[in-house]
Enquirer: 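A single structure is presented below for examination.
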Amino acid sequence: MTQRRFAAALLAIALLALTLRVIFPAADPPWRPTVGIVWHDEGAWTHNARNKALFGAWRLDNWNPVYVAPVFTALEYAAFETLGVGLRQARLVSQLAGFLSVVLLALGVCRIAGRVAGVIAGGLLATNYVYVMYGRAAIMESLMAALIVASWYCSTRAEKQPMWGALAGVCATLAFFTKAAAAFYVGALGLVVAARMLDRERTSASWTIAGLAASFAAVGLFFVLPHWADYQFYNWQMSVTRKPSYDLASLAMRFSWFPVIHDTFSRMWFALCLGLFGGWGIAVRWRQAGDGERLLLLWLAVGSIELLVHDVGNERRFVFLIPVLVALAGIVLARGTLLPAEAADVPRKRVLLAAPLLLYSAYVLFGPLVRVPFLEQVRANVFRMPVRLAVVSALVMVAVLLLGWARAARLLTSLRWRPAFAGGFLGLAMTWHLAQFVDYARHRTYENYAASIALGRVLPPGTAVQGKLANGLALENRIRPIFIGHEFGNYADRKDRWDVRYILTYTDPEIGYEGDQILDVLAAYPGWRIIMTFDVAETRSGHDTAALIEKRARD
């Protein structure tokens with residue numbers, strides 16, 4: 001592929017990526033089926049930025065996600081201050097971040113594996129349905145993933161231009177302070193730096209360390225330390241201590257859930273398959289691999305470990321794995337073989353040592369495939385037939401691989417495909433994801449957007465309203481939402497807020513659907529009555545109802 005053709009292809013991919021993210025900017029997130037986006041989270045996570053833009057103060061109540069996501073909050077505030085407060089403006093940050101991540105991933109893969117690989121990776125990421133949808137929502141996942149991609153891209157350049165390592169460190173820091181889940185990537189980057197130091201090629205490593213140290217120190221000095229109590233509460237007690245369990249049974253559950261509980265891997269199974277082969281290919285040639293390749297492998301491995309240890313229950317946590325799987329898939333397709341030539345020289349003893357990892361890789365490979373006919377059963381009980389089928393399939397595959405390793409190695413390294421096959425695969429994969437987007441576009445709704453506008457016609461600016469849905473429905477009006485989480489965010493005084501006249505909650509699929517804490521509030525104000533209802537879209541039916549409730553009669 002010539003440079004001119006690569007530039008033309010990348011431009012077309014970039015335009016497609018941007019179009020898919022900005023078209024229908026006020027439409028509801030997918031609900032048939034969902035991809036894990038909770039629509040009222042958009043208002044919740046932009047809460048502090050909205051406060052500052054509309055009321056002149058970051059903090060107006062006890063829900064302050066600025067301490068969870070300061071970088072995201074700052075960019076949201078910039079969007080609101082420049083363009084005004086609204087749903088479209090709130091989503092602009094994620095839209096641009098998702099678009100930039102596509103371009104940077106393509107350029108980075110091009111640097112380490114050639115232009116064909118770059119085009120394939122860019123095309124796959126531009127159209128990946130789940131990734132596109134998170135790039136359309138005003139929540140942190142798209143920005144975090146984009147900053148990780150940016151850091152990785154800088155690392156691919158740092159091998160020849162070491163000063164780029166500093167920027168890689170800065171982007172990693174920004175990713176962490178967009179969402180603390182990016183800590184895995186900071187660890188992966190640190191491992192690459194350590195490997196480079198051991199190889200006695202310390203120039204780029206030193207620049208990366210300098211970038212990490214300087215940026216973490218700056219954020220710590222000017223943001224974390226001055227607000228230490230709040231920062232510790234939101235990032236440790238709320239996000240770690242309160243949520244997951246770390247006993248053996250919980251860990252076993254997460255290990256079995258990982259490939260089967262969500263649709264993400266099923267929707268991109270072929271990219272997952274090729275991505276796993278790409279990761280093992282880098283592992284085989286670790287000594288010969290560059291920093292960019294090593295970081296891809298560690299991104300995948302350490303990121304997966306972080307999910308397995310912490311939480312796999314929320315689909316949004318899987319978003320950061322999509323770019324790395326796509327990048328690895330592009331490398332494999334452009335290479336023309338499932339494994340590099342070096343794999344043929346790996347002795348059986350080393351394969352035996354890696355058997356546990358191979359077994360789990362095979363389980364991750366088969367899990368999303370066999371779950372498709374059993375979607376509801378998987379969600380009801382992860383130890384039913386899909387998991388058993390995936391385990392048995394993985395055991396058989398690894399046993400065959402170990403018994404016939406010499407022949408399998410020759411097959412996996414010598415079975416080649418032509419570039420036309422890679423192009424055909426890219427076309428089919430993009431068509432599959434575009435078909436999902438077209439289906440979404442045909443059935444898209446604007447119920448949440450319309451409800452937010454309708455609420456603004458009923459309540460005057462500055463009206464305080466309790467409930468998570470108050471945040472979700474606040475972006476197209478000027479109410480003052482009072483978020484109530486489970487043991488955080490205006491939870492402690494939820495039953496004593498006689499100064500707040502209204503509360504917003506679901507009535508369909510059921511009253512208090514978003515959490516028992518809402519039922520606690522209603523129980524504390526027995527004279528409540530429904531003022532009006534709004535159509536909203538959250539569950540798979542797409543026809544849900546929110547109600548504006550007056551907690552007590554007028555004086």
Enquirer: Do F320 and F184 have ring centres separated by under 6.0 Å?
Expert: yes
Enquirer: Can you find a pair of side-chain heavy atoms, one from R294 and one from W286, that are under 4.5 Å apart?
Expert: yes
Enquirer: So, using salt bridge (Lys or Arg N to Asp or Glu O under 4.0 Å) as the criterion, who are the partners of E81 when residues are at least two apart?
Expert: none
Enquirer: Can a donor-acceptor pair be found, under 3.5 Å and without considering hydrogens, that links the side chain of R21 to the backbone of A17?
Expert: yes
Enquirer: Is a side-chain N or O of R115 found less than 3.5 angstrom from the main chain of M1, in a donor-acceptor match?
Expert: yes
Enquirer: Has W405 got a side-chain atom pairing as donor or acceptor with L352's backbone, closer than 3.5 angstrom?
Expert: no
Enquirer: Pair V109, I120 - check side-chain contact (heavy atoms from CB on, under 4.5 Å), show working.
Expert: CA-CA 9 Å; V109 173; I120 293 172; over 6 Å; no
Enquirer: Is H433 reaching over with its side chain to a backbone N or O of V130, donor-acceptor style, under 3.5 angstrom?
Expert: no
Enquirer: Tell me, with the steps shown, if I148 and M144 meet side-chain contact (heavy atoms from CB on, under 4.5 Å).
Expert: CA-CA 6 Å; I148 290 173; M144 179 189 74; 4.2 Å; yes
Enquirer: Side chains of P29 and V35: does their closest heavy-atom pair fall under 4.5 Å?
Expert: no
Enquirer: Any donor and acceptor pair, going by atom type alone, linking the side chain of R335 with main-chain N or O of A113 inside 3.5 Å?
Expert: no
Enquirer: Are the side chain of E42 and the backbone of A138 linked by a donor-acceptor contact shorter than 3.5 Å?
Expert: yes
Enquirer: When the ring planes of F265 and F318 are compared, do they come out parallel, tilted or perpendicular, using 30° and 60° as the limits?
Expert: perpendicular
Enquirer: Could you tell me which non-hydrogen atom of L125 sits nearest to which non-hydrogen atom of P323, and how far apart they are?
Expert: CD1-CA, 3.9 Å
Enquirer: Would the distance check show the side chain of T208 and the main-chain N or O of G169 forming a donor-acceptor pair, the cut-off being under 3.5 Å?
Expert: no
Enquirer: Which pairs with one or both residues in residues 158-174 pass side chain to side chain donor-acceptor pair (under 3.5 Å), sequence neighbours excluded?
Expert: R157-Q161, T173-S215
Enquirer: When you measure from the side chain of S94 to the backbone of I139, do you find a donor-acceptor pair of N or O atoms at a distance under 3.5 Å?
Expert: yes
Enquirer: Check A334 against V116 and note the closest heavy-atom contact, atom names and distance.
Expert: CB-CG1, 4.2 Å
Enquirer: Taking ring-ring contact (aromatic ring centres under 6.0 Å, His included) as the test, write out the residues that go with F270, two or more places apart.
Expert: none
Enquirer: So which heavy atom on L307 is nearest to which on V312, and how close?
Expert: O-CG1, 3.4 Å
Enquirer: Donor-acceptor pair, W152 side chain versus L189 backbone, under 3.5 Å?
Expert: no
Enquirer: Considering the options L412, T337, L272, which one meets the side chain to side chain contact (heavy atoms under 4.5 Å, CB included) requirement together with F277?
Expert: L412
Enquirer: Do any N or O atoms from the side chain of Y131 and from the backbone of L124 form a donor-acceptor pair under 3.5 angstrom?
Expert: no
Enquirer: Do the rings of Y246 and H310 sit parallel, tilted or perpendicular, given the 30° and 60° boundaries?
Expert: tilted
Enquirer: Tell me if the centroids of the rings in F216 and F177 come within less than 6.0 Å of each other.
Expert: yes
